[in-house]
K.L.:
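Let me give you the structure first, and then I'll get to my questions.
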Amino acid sequence: MSKEILIVEDEVDLAQILAEYLQRDGFATTTMADGLSAMAFLRRTPPDLLLLDLMLPGMDGISILRELRKTSDLPVIMVTARVDEIDRLLGLELGADDYVCKPYSPREVVARVKTVLRRTQPTAGVTTSAKIGGAALEIDADALQARVAGKSLELTPKEFRLLRALAGKPGRVFSRAQLLDALYDDHLEVSERAIDSHLKNLRKKLVQAFPGEEPIRSIYGVGFAFES
């Protein structure tokens, strides 16, 4: 089945060009020109990847991404003519998977779509177990799931990858750069600060699963370690 790409771009001609290039490579596409309609569509029918313009009528791209990341780890490529570093960091720290600046080659965008989809596919692996405060944590890389006493934790794919990296080597201190490598195996250039929001959410879920415990320890100025 073809992967579905949602293109949210208010420049209709540009959106159509992108759609045609993606369709030539076997993707199915939907185009939308305003943010509010796109947000409603995303809630009803999530695509496989979102190409999201930053400046949109109704609801801007950053607001869409912020709302989306509350419940979903859908792959998102931000597309914009604004190239200042603040917007770049904000988009990536909120959970964007890549960032493309206008003007761009449609072929480059298609290549980035393929790379992000490849990167976000579940990967095979082994089951890792750890004890935290007397309770068992099981990390199943084949199923892309983490379970506590047989009950699944509701983790996003990025949170799962972080947990797998940390819990796979208890006690080892990982720098932000090393944890980014666990998320972005194609060495995408991303600010190291982008890891913080994913770690914050993961820690919150682990604290809820293991009351009174804090499995992920911060080492000031160095990084993070998993305490089993």
K.L.:
Just so I know, are the side chains of T30 and E4 near enough to count as touching, which here means a heavy-atom distance under 4.5 Å?
P.N.:
yes

K.L.:
Please test T115 against R118 for side chain to side chain contact (heavy atoms under 4.5 Å, CB included), starting from the C-alpha separation and ending with a verdict.
P.N.:
CA-CA 5 Å; T115 297; R118 208 164 41 239; 3.4 Å; yes

K.L.:
Is there a side-chain contact between F224 and R217 (heavy atoms, below 4.5 Å)?
P.N.:
no

K.L.:
Whether the S72 and R43 side chains hold a donor-acceptor pair (N or O, under 3.5 Å, no angle test) is what I'd like checked.
P.N.:
no

K.L.:
List in chain and number order the residues that pass salt bridge (charged side-chain N to carboxylate O under 4.0 Å, His left out) with K204, two or more places apart in sequence or in another chain; answer none if no residue qualifies.
P.N.:
none

K.L.:
What's the verdict on side chain to side chain donor-acceptor pair (under 3.5 Å) for Q178 and R176, showing C-alpha distance, side-chain angles and the deciding distance?
P.N.:
CA-CA 5 Å; Q178 289 170 327; R176 281 181 170 83; over 6 Å; no

K.L.:
Please identify which of these residues, L50, I7, D98, meets the side-chain contact (heavy atoms from CB on, under 4.5 Å) condition with I77.
P.N.:
D98

K.L.:
Taking the side chain as everything from C-beta on, heavy atoms only, tell me whether L166 gets closer than 4.5 Å to I216.
P.N.:
yes

K.L.:
Are D97 and K158 close enough for a salt bridge, meaning some N to O gap below 4.0 Å?
P.N.:
yes

K.L.:
Just to verify, which of L49, I5, D48 counts as forming a side-chain contact (heavy atoms from CB on, under 4.5 Å) with F27?
P.N.:
I5

K.L.:
Side-chain contact test, heavy atoms from C-beta onward, threshold under 4.5 Å: evaluate it for F226 versus L163 and give yes or no.
P.N.:
yes

K.L.:
Can you give me every donor-acceptor pair (side chain of residues 51-61, partner residue at least two apart or in another chain, under 3.5 Å) with its distance?
P.N.:
from	atom 1	to	atom 2	distance (Å)
D53	OD1	K102	NZ	3.4
D60	OD1	I62	N	3.0
D60	OD1	S63	N	2.9
D60	OD1	S63	OG	3.4
D60	OD2	S63	OG	3.1

K.L.:
May I ask you to establish whether R24 and Y21 are in a cation-pi arrangement, using a distance under 6.0 Å from NZ or CZ to the six-membered ring centre and at most 45° from the ring axis?
P.N.:
yes

K.L.:
Got E159 and L153 here, is their nearest side-chain heavy-atom distance under 4.5 Å?
P.N.:
no

K.L.:
Does R172 count as lying over the ring of F174, i.e. NZ or CZ under 6.0 Å from the six-ring centre, within 45 degrees of the axis?
P.N.:
yes

K.L.:
May I ask you to check whether over 12 heavy atoms, not counting those of E214, lie within 6.0 Å of atom CD?
P.N.:
no

K.L.:
With sequence neighbours left out, write down each residue that passes salt bridge (charged side-chain N to carboxylate O under 4.0 Å, His left out) with K70, or none if nothing qualifies.
P.N.:
E67

K.L.:
With a 4.5 Å heavy-atom cut-off, do V148 and E138 have their side chains touching?
P.N.:
no

K.L.:
Are K205 and V207 close enough that some pair of their side-chain heavy atoms sits under 4.5 Å apart?
P.N.:
no

K.L.:
Do I139 and L137 have side chains that approach each other closer than 4.5 Å (heavy atoms only, starting at C-beta)?
P.N.:
yes

